[in-house]
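See structure below.
The shown structure was predicted, so the numbers you read here are calculated from the model rather than taken from an experiment.
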Amino acid sequence: MSSEETKNSATDDAGIDSGSDIRSFNQNHVYGADDASDEIATISRIASHVDQNDPNNVLHRLETLSKQLSNVTTRNTFTIDPSDFDLAQLLKGYLKNAGKGNVKLRSTGVVLKDAAIIAVDQSATLAPTYGSTVNIPGNIIAGIRSRGEKPIRRIINKANAVVKAGEMCLVLGRPGAGCSSLLKTIAGEGLDQYQGTEGSISFDGVPQEEMLKHYKNDIIYNPELDVHFPHLTVQQTLKFAVGCKVPKVRVNAVTDNASVKQYVDFKTDMLATIFGLRHTYNTKVGNDFVRGVSGGERKRVSIAEALAADAKVYCWDNATRGLDASTALEYASAIRVLTNLLDATNFVTIYQASENIYEKFDKVLVLYEGRQVYFGPVHEAKQYFEDMGYACPKRQATPEFLTAITDPKGRSAKPGYENKVPRTAMEFEQYWHNSPEFKKLSEEIDQYEQQANADQTKQLFMESSKLEKKKAKSTYTVSYAQQLKLNFVRSYQVAVGDFSYLATQITADIIQALITGSLYYNIPHSTAGAFSRGGILFFSILYYSLAGLASVSNSFGKRPILLKQKGYSFCHPSTEFFSSFVVDAMFKILGVIPFVIINFFLAKLKQTAGNFFVIFLFVILASFTMNAFFQMIALVSPGLPVANSISGLIVLASVAYSCFMIQLPSMHPWFKWINWLNPVRYGFESMMVNEFHHVNMTCSAVVPSGPGYEGASVANQVCAFAGSTPGSVYVNGDNYLKLGFDYAFDHLWRNFGILLGFLVFFLSVSAIASEYMKTDVAGYDVLIFKKTKETLKIMAGKRQAMADDEKPELQDASLSMDVEKQAEATSKVFDSLGSKDLFLWQHVDYDVTLKTGEVRRLLNDVQGYVKPGTLTALMGESGAGKTTLLNTLSQRVDMGVITGDMLVNGKPLGSSFKRKTGYVQQQDVHFSELTVRESLRFAANLRRSRSIPKAEKYEYVEQIISILNMNSYADAVVGEPGFGLNVEQRKKLSIGVELVAKPSLLLFLDEPTSGLDSQSSWSIVKLMRDLANAGQAILCTIHQPSAVLFEEFDRLLLLKKGGHTVYFGEIGDHSRTMLDYFERSGARKCQDDENPAEYILEAIGAGATASVKEDWGDIWRSSPEFSSTTSEIAELIKTSSANHTEEDPEMKKTFITPYHYQLRLVVGRVATQFWRDPTYLMAKMMLMMFAGLFIGFTYWDAGHSVIGMQNLMFSVFMSIVISAPLIHQIQARALQSREVYEVRESKSNTYHWSTLLLAQYINELPYHLIFSTIFFVAFYFPIHRNYDSYTVGTYYLFYTIMFQLYYVSFGLWIVYMSPNLPAAAVLVSLFLSFMIAFCGVVQPPTLMPGFWTFMWKVSPYTYFIQSFMILSLHKLKIKCKKSEFSIVEPPSGQTCATYLDPFAEAAGGYINNPSATSNCEYCAYKVGDQYLSHIEVKSSYLWRNFGFLWVYVGFNLVAMVSSYWFFRVRKGSLINIKSIFSKFQKKSK
């Protein structure tokens, strides 16, 4: 349309008649792809005031138009009926307002010219172990030898393509072919992970580097995995995405400047409507551990979120993973609409694309081991490979055929072409480069590049960006301030969404305040209470400072989400950091307010308003500062273990150099600088000087006093307290702080400024670090092998194969041997399989109670059966209840109410049911440190009878490895996604784990082909078919089966939303039996070239937006097939009950192996996990080593003075405080094992849950014993000067053995009773602070209120402190420093000895100058035992305490097991805080 026409239309107020030249909206107008490009502005900005209750509203018509537009490619056109959409007035208004706003729509094509990705070849590497990590000499030698020998791998080799604006390109290839890497490279994601790139990628003439620098927001990479804030609802997630992309000039049909709210609301509704998400608006997105929307719905949320980015080039990585066939087709249709209307450019990888999905694309690119073997129109691809000499099997979809071409086992040559066709990736590539199709592509690229004008493209993007963005050169649409606002709202929603954690935090704060306040209840205003006043102030500031430790794990949890949204150019990561920090601060204040109020009034601190608010201010400010400090550490650390180690050292430094544990005059010069860099120190000083300013404390320790000194003159007495003056019974608070701490009241507001400076600095560094966050996952799959002779040969073979570029004759010989070996193994295994038992169910209902109190039925009167030797498919759209039914039938549901009958041979399920069945979950959950072979052997050992020889079990494992074709990576560790097994390999392992157990009854599989390419899916389904033919009964859910895959199944159970059965019966030859039922019941006729699986889903109205008038559930219940099935089930119950034989007694056991055998194997497995996790062990070792050195040199040579004794006590205190960060490390590791066990192993009764708990404890201990020895040497000898073997040996026994036994068991107890890691962190902080507060260090037992003295006796840390102090001070001769003597003036004519001897004899201590007649120097202690008696400790308590500590260790172990049983097995709950809060809200309303 010309600019003149636009101008005329914009000024035309009379409307658009049938003859208008503006797009001529009449029934006869024919649209092509070019015409449709301008319509998205109209569609996406339709008037938001349209009545949503109107059945003919705009969103409904948008859905109708989307279905029409989804069939338009660059190869065809369609005719639009404007009466169906009423676009005339809407488009007139839009064009008028667009003319006013001068809106320019931009688009770009993409050209790849010999594009290549080069990386260091790590496709096969050795798994690191703790032994290999600490072998420093060996590592140095190996590093020298390998210097300059880094093998190079070309992940993508010379890719050429041209995809114009308005076109869709499908990228096909098997896992590992480089599809994801190619898409990431086009989008500019993770380029720094590679060694380099070659060739060029341009966007309508603009080089990629320049495009990424200025217009990164127009290029989007959508990852395969769905990562979202799990506690946000779907609506909140989408509104944030749309809100981040609100253009500066907002044009719609109503106005040329629509409000932000109108724009956001309508676009959110539009995206939700297209993808069928409106019914989930108020449901949490969730994840694997937080209950939310279904997996398919979560994938749709990811797609809608990406579309909200309004990019011009999209790279979709396996976006249909987890979607059912109907929803996957709807996704492809939606992307087609986007492409047509936006003139967008789309690259899409789909591993299981149907023919209907394939037809949505314009072009296809095929990769074979990183080499491009075809690029061109989709309708020419099949013919290209057929002309090459390969045959496409009948009914095989085109994308399946194209993928199979790249699999030596999946392709077949035409007769006579066996020796003529290419066989290796390199030969395919050479054939492609010599083909006329490649020549045509090269000419097309040259022609496109000549036509493309880089300056015009940049000018268009710049002009368009000026109208869209606040800053045209920014990659972000909205301003930084607007990003802050949006993130603030989202952070608040995230916090409120996880209300249970929030409530736990605040409740813990209140409980801690009540405990601490009552511990320091009514502190005396004398000198006896001075230390206690410092103690409660120190504890207050320390408690909230250390609470920031929990933010470390939280920071790593949301890192993948922020990296994704940074790639989408939604917002600066720093805006999320600032916003979440502010929201956390808001809710932290809610806890601080009651905490400070309770402590302030219970302890009776200086009762002035000024003092209260100063305490409140500095607790808050220090808390914020330390929280920012810990978050900064997390953001600059590469991983969680490293961050935890650094945080642990920071905790030690903050505690030690706050001036409470060691005063400024006692600090050694080498660490004294830490004091000046410690934020806690400045907060503590300000609170102390404010509390003691202008306070005169009554002396509670007058020297001399007592019997015989009743009439002594004040002039001849002195207060034995720092800051005292001779002849005065009062001590000035300011003097006390000056002499004891070197504190001054003048520093109060100076410290406020310093803390603010620290806060600003930490926030600034954190914000900068957040902008440079990078993913730690490799850009391509890396296999990690256990070091053996065999794996070294495999790794050498892989590199040699790359060097030789796959010699075809060797490849064919290897393939032939693999096929023969696999066939031989298959025949052996299948001979031993088979089942005679019949599993059936009838009238199965499943109800769950929602948080609102509403009862929702997820399964509704479902019935069916699975016979031995049959393969039954369980299908339905996302949310129909497929996985729910599978979990219910397999007895894996632990909530809600299940009714109905589930029977084996007509009898109720026995205790052995779980062991007699195998269940392959959709999520491939495995222990990342184990190899494939080790995982399979572990399952075989524990899930098969111990009476079977181990050699026989292992032989069977090897046969399963051969059947699944896992020989080449049998000794590879599972690893993590991207750094270990790939998707296909993980899925095969999941299946293998169940097969080695030899399930005698039934095999359940939940989406076994999800995430796999079509060829891998075929191999999995073929394996299931072979198992069924051998007599195995199999029930399998499947999402996107091709016609070929679908025909392998015998029976089908089809569900619709609400858990209603739509069909259960035979599928029949070529699906005829099933198709006859649907066609007879009112569905349209299925065409011969259609996929029956897609046809039935379409017929019942499955999909995100699809709907049908018929209720297929009612049709099924009234059908003769339903009656026949019901009768058949009744007959099967009757006959199977009569033919039932007595079960083997061994099979009736819950666990097939004895407990001690389970424990031995689980301990061995956990030991392997620890050994192969050097990051965890090194972090633990470094923390303990540096902590020991830090504490040892902080309290270096404590000496024999009074201050020395106090420093010894604080050094002991510090040595037990180190348990806090160590417990955090232990818990993060233990929780990983717990999650794998609960998700997979517990469901199959592999072993008793308690063996995992004990195994974790047993395996932690050896490393703690070794590392604590390092700590002991670094800590003990710099501080102490008592080196006799008894003292040193006993100290070593108590610390290195007893203390490790205690806190490891304590940490495991807490984590095994906690729902998640953040909650465990809160509980650890609460319990540890509780025990530390009552151990007698921060509050002497003599000052504890009577009702709390029992806690001093109950706290285990009391007995550790006592024991260490006994070993440190028993018989230690005390020699006061000059400043520690109390200077007393004796009466005239008396010597010091004459005057003070009676007092010294009664009170202890000694006179340093007995013959002097003035300035008598009195030291309060003569021997360390006197100091021990002052803190109510006797040397005889040592071995009594040793016995007590064993009781505590035993209690922890019993509590660990009991708590796990109560909270995790029995699913008990002490109190439901959220439920109580909800009830309170209802009452208040």
Side-chain angles (χ1 to χ4, degrees), residues 519 528 531-532 535 661 1191 1195 1198 1200 1202 1204-1219 1268 1272 1275-1276 1279-1303 1305-1306 1328 1330-1374 1403-1405 1420-1452:
L519 172 65
F531 182 79
S532 296
M661 293 294 177
I1191 300 172
Y1195 294 98
H1200 297 180
V1202 175
M1205 287 192 295
Q1206 181 176 304
N1207 287 341
L1208 278 173
M1209 183 175 70
F1210 283 130
S1211 70
V1212 166
F1213 181 77
M1214 293 290 294
S1215 70
I1216 66 172
V1217 168
I1218 189 63
S1219 61
S1268 64
F1272 176 79
F1275 157 78
Y1276 183 86
I1279 297 176
H1280 299 78
R1281 288 296 176 261
N1282 188 353
Y1283 298 153
D1284 71 273
S1285 58
Y1286 172 80
T1287 303
V1288 175
T1290 307
Y1291 204 116
Y1292 179 86
L1293 171 67
F1294 273 81
Y1295 190 88
T1296 305
I1297 298 178
M1298 292 308 303
F1299 186 55
Q1300 308 305 313
L1301 288 172
Y1302 174 77
Y1303 78 77
S1305 60
F1306 172 76
L1328 274 182
F1330 194 92
M1331 292 187 294
I1332 289 173
F1334 288 96
C1335 71
V1337 175
V1338 294
Q1339 174 74 320
T1342 53
L1343 292 180
M1344 292 182 185
F1347 56 89
W1348 272 133
T1349 52
F1350 83 94
M1351 271 309 304
W1352 172 66
K1353 298 175 182 177
V1354 170
S1355 172
Y1357 279 26
T1358 296
Y1359 302 104
F1360 282 114
I1361 294 289
Q1362 287 184 356
S1363 301
F1364 296 140
M1365 290 300 292
I1366 290 169
L1367 291 167
S1368 300
L1369 298 182
H1370 180 50
K1371 295 182 179 180
L1372 180 70
K1373 292 184 178 180
I1374 305 302
Y1421 301 103
K1422 187 176 184 180
V1423 67
D1425 294 87
Q1426 295 173 338
Y1427 184 81
L1428 292 176
S1429 63
H1430 174 70
I1431 58 175
E1432 298 194 5
V1433 179
K1434 296 180 181 178
S1435 59
S1436 59
Y1437 290 174
L1438 181 64
W1439 295 107
R1440 179 207 69 173
N1441 293 352
F1442 185 72
F1444 285 171
L1445 295 176
W1446 277 111
V1447 173
Y1448 282 112
V1449 172
F1451 171 81
N1452 283 346

> Got a donor-acceptor contact below 3.5 angstrom from the Tyr1357 side chain to the Leu1328 backbone?
Replying inline: no
>> One pair to check against side-chain contact (heavy atoms from CB on, under 4.5 Å): Val1337 and Ile1332. What are the steps and the verdict?
In response: CA-CA 8 Å; Val1337 175; Ile1332 289 173; over 6 Å; no
>> Within the 4.5 Å heavy-atom criterion, are Leu1301 and Trp1446 side-chain neighbours or not?
In response: yes
> Got Phe1334 and Leu519 here, is their nearest side-chain heavy-atom distance under 4.5 Å?
Replying inline: yes
> Would Thr1290 and Phe1294 satisfy side-chain contact (heavy atoms from CB on, under 4.5 Å), going step by step from the backbone distance to the final call?
Replying inline: CA-CA 6 Å; Thr1290 307; Phe1294 273 81; 3.7 Å; yes
> Just wondering, do Gln1339 and Trp1352 contact through their side chains at under 4.5 Å, heavy atoms?
Replying inline: no
>> ring pair (Phe, Tyr, Trp, His ring centres under 6.0 Å) for Phe1444 and Tyr1448? Distances and angles first, verdict last.
In response: CA-CA 6 Å; Phe1444 285 171; Tyr1448 282 112; 7.5 Å; no
> How about Trp1439: does its CH2 atom have over 12 heavy atoms from other parts shown lying under 6.0 Å from it?
Replying inline: yes
>> Check the orientation of Trp1348 and Phe1350. Use parallel for under 30°, tilted for 30 to 60°, and perpendicular for over 60°.
In response: parallel
> Can any side-chain N or O of Gln1300 pair as donor or acceptor with the backbone N or O of Tyr1295 at less than 3.5 Å?
Replying inline: yes
> What do you reckon, are the aromatic ring centroids of Phe1299 and Tyr1303 less than 6.0 Å apart?
Replying inline: yes
>> I'd like to know whether the aromatic ring centres of Tyr1195 and Phe1210 sit less than 6.0 Å apart in this structure.
In response: no
> Phe1272 vs Tyr1292 aromatic rings, parallel, tilted or perpendicular, using cut-offs 30° and 60°?
Replying inline: perpendicular
> Would a 4.5 Å heavy-atom cut-off, applied to side chains only, mark Ser1363 and Phe1442 as touching?
Replying inline: no
>> Please evaluate residues Gln1426 and Lys1422 with respect to the criterion side-chain contact (heavy atoms from CB on, under 4.5 Å), reporting the C-alpha separation (whole Å), side-chain torsions for both, the decisive distance (0.1 Å), and the verdict.
In response: CA-CA 7 Å; Gln1426 295 173 338; Lys1422 187 176 184 180; 3.6 Å; yes
> Which pair of non-hydrogen atoms, one from Phe1306 and one from Met1331, has the smallest distance, and what is that distance?
Replying inline: CZ-CE, 3.7 Å
>> Working note: Ser1429 + Lys1434, criterion side-chain contact (heavy atoms from CB on, under 4.5 Å); need CA distance, chi angles, decisive distance, verdict.
In response: CA-CA 6 Å; Ser1429 63; Lys1434 296 180 181 178; over 6 Å; no
>> Any side-chain to backbone donor/acceptor pair from Thr1296 onto Leu1293? Under 3.5 Å, distance only.
In response: no
> What is the distance from atom OG of Ser532 to atom CE of Met1344, rounded to the nearest 0.5 Å?
Replying inline: 9.0 Å
>> Parallel, tilted or perpendicular: which one describes the rings of Phe1364 and Tyr1291, with boundaries at 30° and 60°?
In response: parallel
> Under 3.5 Å, is there a donor-acceptor pair between the side chain of Ser1435 and the main chain of His1370?
Replying inline: no
>> Return the CD1 to OG distance between Ile1279 and Ser1368, rounded to the nearest 0.5 Å.
In response: 8.5 Å
> Hey, does Val1449 have a side-chain heavy atom less than 4.5 Å from the side chain of Asn1452?
Replying inline: no
> According to the interplanar angle, ranging from 0 to 90°, do the rings of Tyr1427 and Tyr1421 count as parallel (below 30°), tilted (30 to 60°) or perpendicular (above 60°)?
Replying inline: perpendicular
> Do the side chain of Asn1441 and the main chain of Gln1362 share a donor and acceptor less than 3.5 angstrom apart?
Replying inline: no
> When rounded to the nearest 0.5 angstrom, what is the spacing between CG in Leu1445 and OH in Tyr1302?
Replying inline: 9.5 Å
> How far does NZ of Lys1371 sit from NZ of Lys1373, to the nearest 0.5 angstrom?
Replying inline: 11.5 Å
>> Strictly distance-based, threshold 3.5 Å: is any side-chain N or O of His1280 a donor or acceptor partner for the main-chain N or O of Tyr1276?
In response: yes
> Closest approach of Ile1366 and Leu1438, non-hydrogen atoms and distance?
Replying inline: CD1-N, 3.9 Å
>> Restricting to non-hydrogen atoms, name the atom on Met1205 and the atom on Ile1374 that form the minimum distance, rounded to 0.1 Å.
In response: SD-CD1, 3.2 Å
> Do Met1365 and Val1433 have side-chain heavy atoms sitting under 4.5 Å apart?
Replying inline: no
>> To the nearest 0.5 Å, what is the distance between CE on Met1209 and CE on Met1214?
In response: 13.0 Å
> So how far is it from Leu1428 CG to Tyr1437 OH, rounded to the nearest 0.5 Å?
Replying inline: 11.0 Å
